[in-house]
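Counting convention: from 1, in listed order, for ligands and their atoms alike.
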Amino acid sequence: MTSPGTRRLPVVGGNWKMNLDRNASRTLLMGLRQRLDGLDGVEVVVCPPVPWLSDAHDLLAGSTLHVGAQNTHWEPSGPYTGEVSAPMLRGVAEYVLVGHSERRWAGETGAETNRKIRAALAAGLRPILAVGERLEESRAGRTENVLHLQVNQALRGFTAMPPEIILAYEPVWAIGTGEAATPEIAQARCVAVRGMLAERFGEAAAQAVRIQYGGSVTADNIAGYAAQPDIDGALVGGASLDADAFTAICRAVAARAG
Ligand code: 13P
């Protein structure tokens with residue numbers, strides 16, 4: 001359903017999750033800068049854990065690589081021990097993951113995802129909104145209902161699609177399992193999500209939105225996703241901890257754009 005002529009710059013995110021000590025983080029950041037700075041045809045976003053965000057900001061400054069946070073609170077400040085707000089992140093990051101299934105599993109509700117998106121946008125951050133069904137929901141044939149609900153809850157109250165928002169389709173059953181969705185299934189789900197955005201915000205707005213695939217993406221399987229017309233890059237977990245693997249993924253995505 002992609003209109004001819006629609007060009008969306010693909011974006012590859014590296015979600016490090018709760019991994020790497022400070023030394024390993026710095027080594028990876030420098031390795032990524034060395035390998036990926038200046039790569040055309042793809043936007044690269046590195047999302048380290050909170051304590052290493054300011055290292056990432058400093059070590060990637062002046063390069064084409066972007067820094068993202070993995071989560072945010074919805075309030076700008078206040079008595080929320082252990083939390084980090086969007087205005088705080090703004091000093092060190094440009095992007096922020098919102099609604100990741102690992103956050104939803106930890107109790108984040110659809111309403112909270114919505115508040116986090118609003119807080120991120122208000123602070124000038126670009127949210128990467130993750131949606132995806134669990135295995136039992138997939139088996140019950142409820143995938144599209146789940147995606148519809150998650151998209152609508154996350155974007156509740158928006159009358160126009162904020163152009164800063166990126167979506168990531170991440171089936172929960174594919175995350176960290178090695179059981180990646182086939183490129184055809186991932187493409188079909190991204191088309192479905194794009195259709196939901198078109199219903200809400202119109203076809204032109206939906207066509208402009210970048211939708212990543214995430215879930216057991218590797219240097220070996222990325223080409224299949226990169227070849228799909230409605231998949232605009234990837235959100236990578238495990239393979240983003242290896243400079244060579246993540247570089248190969250970014251290059252494969254950039255090659256399709258070229
Ligand atoms: P894996 O690539 O390790 O499956 O993780 C995907 C993910 O959750 C990215 O946000």
* Structure fact -> The protein heavy atom nearest to atom 3 (O) of ligand 1 is Gly238 N, 2.8 Å
* Asked: Just one of Arg134, Glu133, Glu137 clears the side-chain contact (heavy atoms from CB on, under 4.5 Å) bar with Val172, so which one?
  -> Arg134
* Asked: Any heavy atom of Ala239 sitting closer than 4.0 Å to ligand 1?
  -> no
* Partner set under side-chain hydrogen bond (donor to acceptor under 3.5 Å, both in side chains) for Trp16, not counting sequence neighbours -> none
* What protein heavy atom sits nearest atom 5 (O) of ligand 1, and how far away is it? -> Lys17 NZ, 3.2 Å
* Could you tell me which atoms of ligand 1, counted from 1 in the order shown, lie closer than 4.0 angstrom to a heavy atom of Asn15? => 9 (C), 10 (O)
* Of all the atoms in ligand 1, which lie at a distance below 4.0 Å from a heavy atom belonging to His100? -> 7 (C), 8 (O), 9 (C), 10 (O)
* I would like to know whether Glu108 and Thr113 meet side-chain hydrogen bond (donor to acceptor under 3.5 Å, both in side chains); could you show each step before the answer? => CA-CA 7 Å; Glu108 180 171 318; Thr113 303; 2.7 Å; yes
* Looking only at distances, please establish whether an N/O atom of ligand 1 is found under 3.5 Å from an N/O atom of Leu235. => no
* To do: Just need the protein heavy atom nearest to atom 7 (C) of ligand 1, so name the residue and atom and give the distance.
  => Glu170 OE2, 3.1 Å
* Examine ligand 1 and decide if any of its atoms is less than 4.0 Å from a heavy atom belonging to Ala174. => yes
* **ligand 1 contact by Gly214, heavy-atom criterion under 4.0 angstrom** => no
* What residue and atom, counting heavy atoms only, is the protein's closest point to atom 2 (O) of ligand 1, and at what distance? -> Gly237 N, 2.8 Å
* Asked: Do Arg103 and Glu112 sit within salt-bridge range, that is, some charged N less than 4.0 Å from a carboxylate O?
  -> no
* Among all residues two or more places apart in sequence or in another chain, which pass the salt bridge (charged side-chain N to carboxylate O under 4.0 Å, His left out) test with Asp55? -> Arg22, Arg26
* Tell me which part of Ser240 gets within contact of ligand 1: side chain, backbone, both or neither, using heavy atoms under 4.0 Å. => neither
* **Salt-bridge criterion met for Arg189 and Asp230 (N-O under 4.0 Å)** => no
* **Arg118 to Phe158 six-membered ring, cation-pi geometry met (6.0 Å, 45°)** => yes
* Asked: When you look at His100 and Glu170, which way does the side-chain hydrogen bond (donor to acceptor under 3.5 Å, both in side chains) test go after all the steps?
  -> CA-CA 8 Å; His100 193 283; Glu170 296 206 303; 3.1 Å; yes
